[in-house]
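Please read the structure below before turning to the comments.
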Amino acid sequence: MRLQIPAFVKFILQRSRTMAWLMIGVGALSGLLSAGVLALINHVLHHPSDHSFLVMMGFLLLVAGRILSNLWSKLLLVRFSQDTILDLSLSLCAKIVRAPLRRSEQRGAANILVTLTDDVSWVTWAIQCFPQLIMNVAVVLGCGFYLAWLSWGTFLGVVGVTVVGALGYQWLHISGLSVIYAAREARAELFRHFRSLTDGLKELLMHRARREEFVNQEVRAAADSYRKTNLEATWRQSLAEAWTHVSFFSLIGLIFFLFPSVVTMSPEAMTGYVVAVLYMMSPIWGIISTLPTLERGQVALENIERLGVSLDAGLKDAQTLELAALDAGISPIVQWNEVVFSYGEEKGVETSFTLGPISLELHPGELVFVIGGNGSGKSTFVKVLAGLYQPAQGNVTLAGTMITDANREWYREHFSVVFSDFYLFNKLLGQSDAQVDRLAPQYLRLLHMDQKVAVHERTFSTLDLSQGQRKRLALLTAYLEDRPIYVFDEWAADQDPQYKEIFYKTLLPDLRERGKSVVVITHDDRYFHLGNQIIKLEDGKAVEYLTTGAGSRRP
């Protein structure tokens, strides 16, 4: 794979054409002013008596312009790079939270995390190098024009040697790109193990052999792979830099020992060439040292774009719709007709899991229990029901409106779900201050949490609680959302017997009396008589539908 610097330049121009061209222009100006300083110094060296006011003012103006343009370029750079990292991070976050859940799961949490951290940082660092690269290129080009003015014959020889050196560097450079990509993938693998370390810390602490194998084999192997690929990438880059050293000093040797015997050069031209080449040494090294960062920035940009494309694929803007009015609670609010969802063959896994076909109706004011053993498809059922997974077959309607990709986000907005693997934010996001101040204390008392947790400025005073207590706060969040459909995935599993009784006999009936459709994933068969429907799943199939009629509001 070859480096696509034009794609990186295109990205910079797309960010802000005005700012990008301004940075390029200021960088080029700084470089050309540096070349002007060189030409003036060479002139004074060969005309030591020329200390006129015009020459001194020219020197002062050139130096002042060089310093000011360099300062201006850096200020523009800081503004541009910080705006870029902010916009990139926010844009990626917005895409992730709007993308279909299954697509994000397939991409992998580790890959998304590496993209949000490492890749965004590398793009930013590459952007920071870009103005300096422009300055250095401008210096080299300015010196090139000056050398051509001194002696065309010698200049053509210099160009020939430079082309040979550049081709050799390009070959070495391209051969190292695959290693850079491998280093990035090794980094993602290392992040996966770090995630396992934090998520599975308790399990590691409980088993010595497990943690020793995890640290000494799994983490060590991933870290060693990352170290080796980075070392190889550094070695290849160092080899490319060594080649440029050989090319550079070969050029100086040719100027001193070969060109004078082939091309007629005046002493002034000879001095000018030597001074110019020595002066160009620093910007040339600057260009060379910038290329590895630009390479990594290009790789990071490709990963960011790949993530954006994969998350945007098939994604459409949600329509703003209004929930159709229900006829006295008679019409089903959610209806499935032969719905099927399949994980398919992913990542080399030959076996697949299929949920369905399932047909069902959820009515306002009804309590539905979904039961089944482990692996029966209950969690998948919840994700399909809540609109997180897109059915492969069948139709889903909400209050008579057919659900498609165009309005799936609108569909999800009618569900409040407490997942079995829920995440509890420390702040009640998306809620108004007035609503939280009015209702949160009431719900905390209802959930028997008012002695442990307070809410101030929509923020929980503590989350250092048991899993069961954290689930109660998740339920508080769901209460505040006040949506038509509530789904609880094994919510009561972590509650004590006393609060289980409150959940099934007080909280759920209360939601039902308020006209909510309530779906509960549970194993607590002693409470099944309280529900209106019972759906039993086995291997993804609904093998049994029971209607108890308890508390039914359907005719």
Side-chain angles (χ1 to χ4, degrees), residues 1-4 7-8 85 88-89 92 96 103-126 129 169-205 207-243 288-311 345-350:
M1 184 177 292
R2 61 185 181 84
L3 181 66
Q4 299 176 347
F8 190 78
I85 193 171
L88 270 178
S89 300
L92 283 172
I96 290 168
R103 191 168 294 133
S104 297
E105 290 176 341
Q106 290 171 330
R107 187 64 181 169
N111 267 316
I112 293 176
L113 183 59
V114 171
T115 300
L116 286 171
T117 54
D118 282 16
D119 289 338
V120 171
S121 296
W122 274 114
V123 169
T124 305
W125 293 333
C129 291
Y169 179 85
Q170 180 71 1
W171 179 80
L172 293 169
H173 161 74
I174 291 174
S175 67
L177 263 183
S178 60
V179 182
I180 294 177
Y181 280 91
R184 196 271 179 189
E185 293 304 314
R187 175 74 166 172
E189 181 65 23
L190 189 59
F191 262 64
R192 279 189 282 273
H193 286 298
F194 288 162
R195 182 180 176 88
S196 299
L197 175 65
T198 56
D199 291 349
L201 184 59
K202 295 187 296 295
E203 287 76 8
L204 292 171
L205 289 173
H207 198 293
R208 179 177 178 180
R210 180 189 293 128
R211 68 172 176 265
E212 287 182 351
E213 181 178 355
F214 176 75
V215 174
N216 296 329
Q217 295 186 31
E218 299 297 318
V219 176
R220 179 182 289 276
D224 190 55
S225 175
Y226 182 53
R227 180 184 68 87
K228 287 180 178 178
T229 51
N230 270 320
L231 286 175
E232 186 175 355
T234 302
W235 159 249
R236 291 176 184 253
Q237 290 165 358
S238 299
L239 191 62
E241 289 183 11
W243 170 256
I288 293 170
S289 63
T290 298
L291 289 178
T293 302
L294 292 178
E295 293 168 5
R296 290 183 178 269
Q298 175 64 27
V299 172
L301 179 61
E302 291 175 0
N303 282 309
I304 289 173
E305 291 177 340
R306 190 178 302 117
L307 176 65
V309 168
S310 67
L311 294 178
E345 297 180 2
E346 300 168 358
K347 299 182 179 179
V349 179
E350 296 181 358

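Sequential numbering from 1 along the given sequence is applied to the chain's residues. Since the structure is predicted, the reported quantities are computational estimates derived from the model, not experimental observations.
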Could you pull out the closest heavy-atom pair between Ala223 and Leu190, with the gap in Å?
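Residues Ala223 and Leu190, closest heavy atoms: N-CD1, 3.7 Å.
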Shortest non-hydrogen contact from Leu204 toward Leu197:
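Here Leu204 and Leu197 meet closest at CD1-CD1, 3.9 Å.
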CG of Asp224 to CZ of Arg227: how many Å apart, nearest 0.5 Å?
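Interatomic distance, Asp224 CG to Arg227 CZ, rounded to 0.5 Å: 4.5 Å.
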Quick one: CD on Glu189 to OH on Tyr226, what's the gap to the nearest 0.5 Å?
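One gets 13.5 Å once the value is rounded to the nearest 0.5 Å.
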Looking at Ser225 and Ala221, would you say the former's side chain and the latter's main chain have a donor-acceptor pair under 3.5 Å?
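A pair under 3.5 Å: no.
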Can you confirm whether more than 12 heavy atoms, excluding those of Arg220, are under 6.0 Å from its CZ atom?
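At most 12 heavy atoms, drawn from other residues, nucleotides or ligands, come within 6.0 Å of this atom.
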Considering residues at least two apart in sequence or located in another chain, which fulfil the salt bridge (Lys or Arg N to Asp or Glu O under 4.0 Å) criterion with Glu212?
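By the salt bridge (Lys or Arg N to Asp or Glu O under 4.0 Å) rule, Glu212 matches Arg208.
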Of all residues at least two apart in sequence or in a different chain, which pass the side-chain contact (heavy atoms from CB on, under 4.5 Å) check with Leu239?
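Residues passing side-chain contact (heavy atoms from CB on, under 4.5 Å) with Leu239: Leu172, Trp235.
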